[in-house]
Amino acid sequence: MNASPPPASLSQLVDDHLLHTIGVEPRRATPVDLVQAVSHIARAELSERWVQNQEQERNGKARRVVYLSMEFLMGRTLCNALAALGLTQETATVLMQRAKSMEDIASLELDAALGNGGLGRLASCFLDSMATLGLPSFGYGIRYEYGMFAQHILNGCQMENPDSWLKDGTIWEFPRPHIAYPVRFGGWVTHENDVARWAPAGEVTAKAYDMVIPGHGTDKVSTLRLWKAVAPDLIDLRAFNLGDYGRAASTKNEYENISWVLYPNDSTPAGRELRLKQEYFFVSASIQDLIHRHLEEHPGLENLAEHVAIHLNDTHPAIAVAELMRILHDDRAMPWNKAWNLCKAVFSYTNHTLMPEALETWDVALMQSVLPRHMEIIFRINKEFLDYAARLRPNDKPFIQRLSLIDDSGERRVRMAHLSVVASHHINGVSALHSELLTTTVFADFAAIWPERFTNVTNGITPRRWLAQANHGLAELLDETLGQTWRLHLEELQRLHNHLADIDFVRRFMTVKRANKARLAQHIAHTTGIEVNPESMFDVHVKRIHEYKRQLLNVLHVVTRYQAILADPKADWVPRTVIFAGKAASSYQTAKSIIRLIHDIGTTINNDPRVGDRLKVVFVPNYGVSVAEIILPGADLSEQISTAGTEASGTGNMKLALNGALTIGTDDGANIEIRQNVGDENIFIFGLKTPEVRALRIAGYHPVDYYQQNPALKAVLDAIASGQFSPDEPDRYRGLVDTLVWQGDHYMLLADYASYVAMQTKVDEVYRQPELWVNKAIRNVAGMGMFSSDRAIEEYARRIWRVQPDLR
Ligand code: 26W
């Protein structure tokens, strides 16, 4: 393991950094100074490891994974870095000597929130696992100046504030001023003797900033290289020299805005020119960079596929296919077929959503104007592919139309998912169900042609952040019970089954949960002003706010319970605190309205003296990685209630179960595999299954029937629609209720309502028996071994990338 300096010398190092790097007298150091000094120590160690690692990889001419992702939700770095470097204990001691706690110091760091939700966090968990497994790997993304917006709540409404995470700089990045590439846009293409020449209209420079990703229990690191857009000096200077500073500034901005802001949308593609430019910008820089590094080690590009595996994290980087073709064929004169075969040997692609509205397409005209040569390349790829398909099924025009990379049904659009599939040797979904649905629905025609390309890799999460770091209490208990190796071999949690009857262990498990709930209650009080009782059941629903995730179904249950409590206050109610958190895309009005409804209902219920402690509803603001680290360990019940067939996987479900929460959920995404791993009796599955959802849609779904036939449901919907929770504006939620009762209830909340409410009653019954509950909670933790991102990355490495982990 890692040799770490003893506390005395660490303390000395802290003083040195305070004096020389930060420039303060150690005795007068503020907490901000201290966090900086400690971070510098970790940074220096990471830097050393990075240099060694790069050297080894160069010498070994290692085959590398290149992970292209528009999003990385990194969260804070300090605690993770200290843990990976084996410095946590010593640092805590040194800080204690200075009357500071690690938690207080660590919480001063801002989250790096360069992502929207699950897809971005998955990318960060994967980097952690790639480093830990010693997989030669590079993540590439954008160094957004502004990440995911900060969410504030004003009178129950979501307000978005810019996330200026770089305003004071970040200590964790390594600027690489000499690593820079030109990225070109627009212009036109000419053809001469079969050779295309692209004359671009504009150019921006991509500059590299590296984040070093430490592996745990190893000296290995991985790199996250983020690109910043900078106007080329030349353009600046021309106007500048003419004394036209205004124009110089505006030209500069026009180019540099490419890396300014993360598109805060996880459901509908933005479809805007700036987004397309972002995608091409980071992809082009990354491909140029990987080619440059390849050519440092090899004489040519013929063997590129033997040395790099390029992974597309969803279709956002799919333009990489056309970019690599352009570089190989146009710039380096490789014959088209040879270049295309190389592409197919290099790329692989993960799909993260089945929802048709989230599948990316680009207007052909827009692509022609921003990337004229790439559009031509896509047309040629399409033509050759469709010729091939037509030979397979002659005279089947609808088949060809369905397969085409170009959607001709209206304004012509490029289907980025089709481009990704055609170019990839492997395509995977993110849970068993999702991968199966991919091959039977959106990609059914492709699966008919190339069944061998389609596979599944169920998502995973890193136990280092989501258990060791987020839940010190449980981590310590596991260390004492199982030893420390579960961090790297999560399947060892299985051995907890041997401790189910160990009264001391069980009692300590309960004590840990109780302490985590107290910590969460404090956070709730601090951020919302609402006092909640840690003795009550903490019922947690945290994730992006989206209709398909059905926060509204949870709300229906809450109101049902409220009405039932009022009707029968003397019944033996299990006290519950229902905890929501999550952001709504800024333009997604329905999601914002759901946030407001949660607040309105909370205000009514929390202040109703007839309810007392039996029910509380809170909304924790600004959900993100660091807030999740507080909420997840304090949860008793995990809400995973998407309409069956809509949630590709979910990863919050894994994080909650790993922290000892029981799941109430539908037969959807990774819930199904969680059920298989924890056992049917330790999870509360309800509602329609995917085929039943489909059958009901086909047969004709009439939500109004459910409304009329279920008096409890009707009472709940009537109460919301009539303004019982919004007396100052009685019609505020009529529209929301109408979408359910009268406008088709697309996500079938009303169809699942009865079985959901019944299952919640079962949850209460189990919770009333603390020994039974804790037994199930322990079995959940014990069953989570396969949901480590290490397992997921091992599968990618072996089955998709064919890369050998350089093991520990
Ligand atoms: C272009 C707009 C956009 C941006 C992001 C559309 C769609 C996305 C992502 C697909 C949203 C996302 O985060 N998807 C989630 O990915 C997780 C990791 O695989 C899954 O666990 C979630 O089920 C899936 O919703």
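Residue numbers run from 1 in the order of the sequence given. Note that ligands are numbered from 1 as they come in the structure, with each ligand's atoms numbered from 1 the same way.
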Going by the side-chain hydrogen bond (donor to acceptor under 3.5 Å, both in side chains) test, name the single residue among Glu647, Lys549, Lys543 that passes it with Gln640.
Lys543
I need the nearest protein heavy-atom contact for atom 22 (C) of ligand 1: residue, atom name and distance, please.
Glu647 OE1, 3.4 Å
Nearest protein heavy-atom contact for atom 6 (C) of ligand 1: which residue, which atom, what distance?
Asp266 O, 3.7 Å
For Asp314, atoms of ligand 1 separated by under 4.0 Å from a heavy atom:
10 (C)
Over all atoms of both residues, closest heavy-atom pair of Ser642 and Asp668:
OG-OD2, 2.7 Å
Of all the atoms in ligand 1, which lie at a distance below 4.0 Å from a heavy atom belonging to Tyr548?
25 (O)
Any nitrogen or oxygen of His352, main chain or side chain, under 3.5 Å from a nitrogen or oxygen of ligand 1?
yes
Counting both backbone and side chain atoms, is some N or O of Leu119 under 3.5 Å from an N or O of ligand 1?
yes
Hits for ring-ring contact (aromatic ring centres under 6.0 Å, His included) against Phe580, two or more places apart or cross-chain, chain-then-number order -> His541
The test is side-chain contact (heavy atoms from CB on, under 4.5 Å); show your working for Met654 and Met784 and say whether it passes.
CA-CA 7 Å; Met654 303 169 188; Met784 293 309 291; 4.0 Å; yes
List every atom of ligand 1 that sits less than 4.0 Å from any heavy atom of Asn265, numbering the atoms from 1 in the order shown and giving each element.
2 (C), 3 (C), 4 (C)
Where the closest heavy atom to atom 20 (C) of ligand 1 is concerned, which of Gly118, Ser642, Gly650 has it?
Gly650
Would you say the ring centroid of Phe446 lies under 6.0 angstrom from that of His418?
yes
Can an N or O of Arg275 be found at a distance shorter than 3.5 Å from an N or O of ligand 1?
no
Report yes or no: is the cationic atom of Arg143 (NZ for Lys, CZ for Arg) closer than 6.0 Å to the six-membered ring centre of Tyr209, at no more than 45° off its axis?
yes
Strictly by modelled atom types, are Asn313 and Thr350 linked by a side-chain donor-acceptor pair under 3.5 Å?
no
Sequence neighbours excluded, the answer for side-chain hydrogen bond (donor to acceptor under 3.5 Å, both in side chains) partners of Glu71 is Asn116
Glu360 to ligand 1: N or O pair under 3.5 Å?
no
Which ligand 1 atoms are under 4.0 Å away from a heavy-atom of Ala648?
23 (O)
Would you call His316 a ligand 1 contact, heavy-atom distance under 4.0 Å?
yes
